Amino acid sequence: MGILKVTVVCANNLVAKDEGGLFSRPSSDPYVIVRVGMTQYKTTTKYKNLNPSYNETFIFSNIYDPSREIVSFEVYDYDRASKDDFIGSVSLPLSTFIKGKLQRYVLNLGSSKYSNAGTIVVECLAEDFGIPQTGQPMQTNVTCQPQQQQQPMMQQQYPMQQQPQQMYPPIYQQPTMHQQQPYYQQPPMMPQCQPFQQMPQQQQHSMGYIQQTYIPGQQQQYPPYFQQYPPPPA
């Protein structure tokens, strides 16, 4: 049979199950039950404390098959007048422990009512069973992880990623308006003047009226428009 030492160190950010009064805030009276197989132990109760500190160690000396058994942690809220309220629980398979090495875990408490019921810090030491320290640990589906030293938050600098240059369509440029030249219109062709023809000189017609002839270069004398011409012969 194997021997396992379990230390319940503390719990943090537990769910408040007790309502507060006029001068008190909502709180809980938590305690932890540690169970391996049919053997279980109970820590002391911390009243009105959502971040209790325990530092209590329990020894399990009747472990028959470490490859199949688990160690579970159940957190309850103590109530005097009614049944204790369940806060959350978590478990670890014994097959993941390293033989002779003290391991610390920070475990998230699971609950069907709360998405975050709090955390619990425990230490486990498998004295005469487990994975040899020189060997490779077995592959198991464990969601817990050992507590790590908190490092100061530093802003991580990421390399600048060059953004692809966006290609825009060319801006439409309105064509330059050229001043329209006036359309040259050929002047109308003047009718060609015909040369004057010499007309016969003014003569006395046998019918009694005067026939006048235009002579170029000489001023012509026209008879008055009221001149009476003799009537034609009968």
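Fair warning: this is a prediction, and the values are worked out from it, not measured in the lab. For the single chain, residues carry numbers from 1 onward in sequence order.
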Can you name the residues that form a salt bridge (charged side-chain N to carboxylate O under 4.0 Å, His left out) with R68, not counting sequence neighbours? D65
Taking side-chain hydrogen bond (donor to acceptor under 3.5 Å, both in side chains) as the test, write out the residues that go with [X], two or more places apart.
X	result
S115	none
T7	T57
K5	E127

Looking only at heavy atoms, what is the nearest atom pair of [X] and [Y], with distance?
X	Y	value
P26	L50	O-CD1, 4.3 Å
A117	I87	CB-O, 3.5 Å
V71	F73	CG2-CZ, 3.9 Å
L14	P52	CD1-CD, 3.8 Å

The remaining residues in the hydrophobic cluster of L102, counting side-chain heavy-atom contacts under 4.5 Å among Ile, Leu, Val, Met, Phe, Trp and Tyr, are L125
Pairwise distance OG(S91) to CD1(I70) - rounded to 0.5 angstrom: 4.0 Å
Can you list every salt bridge (Lys or Arg N to Asp or Glu O under 4.0 Å) pair that touches residues 6-15, not counting sequence neighbours? none
By the salt bridge (Lys or Arg N to Asp or Glu O under 4.0 Å) test, which pairs, at least two apart or in different chains, include something from residues 85-103? none
Could you walk me through whether F58 and T43 pass the side-chain contact (heavy atoms from CB on, under 4.5 Å) check? CA-CA 9 Å; F58 308 100; T43 65; 3.8 Å; yes
Connected via hydrophobic side-chain network under 4.5 Å: V122 and F129: yes
Answer with yes or no whether the hydrophobic clustering places Y76 together with I120; edges join I, L, V, M, F, W, Y residues whose side-chain heavy atoms lie under 4.5 Å apart. no
Donor-acceptor pairs under 3.5 angstrom involving side-chain atoms of residues 28-41: please list them, not counting sequence neighbours.
{"residue": "S28", "atom": "OG", "partner": "V15", "partner atom": "O", "Å": "2.7"}
{"residue": "S28", "atom": "OG", "partner": "K17", "partner atom": "N", "Å": "2.8"}
{"residue": "D29", "atom": "OD1", "partner": "K48", "partner atom": "N", "Å": "2.7"}
{"residue": "Y31", "atom": "OH", "partner": "D84", "partner atom": "OD2", "Å": "2.6"}
{"residue": "R35", "atom": "NE", "partner": "Q40", "partner atom": "OE1", "Å": "3.1"}
{"residue": "R35", "atom": "NH1", "partner": "E74", "partner atom": "OE2", "Å": "2.7"}
{"residue": "R35", "atom": "NH2", "partner": "Q40", "partner atom": "OE1", "Å": "2.5"}
{"residue": "T39", "atom": "OG1", "partner": "N62", "partner atom": "ND2", "Å": "2.9"}
{"residue": "Y41", "atom": "OH", "partner": "I59", "partner atom": "O", "Å": "3.1"}

Could you tell me if the side chain of F86 sits less than 4.5 Å from the side chain of K113, heavy atoms only? no
Test log, rule side-chain contact (heavy atoms from CB on, under 4.5 Å), inputs F60 and I3: CA-CA 6 Å; F60 297 89; I3 298 176; over 6 Å; no
For the side chain of Q103 and the backbone of I98, is there at least one donor-acceptor N/O pair under 3.5 Å apart? yes
Is there a donor-acceptor pair under 3.5 Å between the side chain of S82 and the backbone N or O of D79? no
Under the side-chain contact (heavy atoms from CB on, under 4.5 Å) test, which residues partner T44, sequence neighbours left out? K46, Y54, E56
N12: partners by side-chain contact (heavy atoms from CB on, under 4.5 Å), with sequence neighbours left out: C10, N51, T119, V121
Residues E69, I63; criterion side-chain contact (heavy atoms from CB on, under 4.5 Å); working and verdict: CA-CA 8 Å; E69 296 186 19; I63 299 176; 3.9 Å; yes
For a side-chain contact (heavy atoms from CB on, under 4.5 Å) check, start with the C-alpha distance between V75 and L109, then their side-chain angles and the critical distance, and finish with the verdict. CA-CA 8 Å; V75 183; L109 296 174; 3.8 Å; yes
Can you list the residues that meet the ring pair (Phe, Tyr, Trp, His ring centres under 6.0 Å) rule with Y47, with sequence neighbours excluded? none
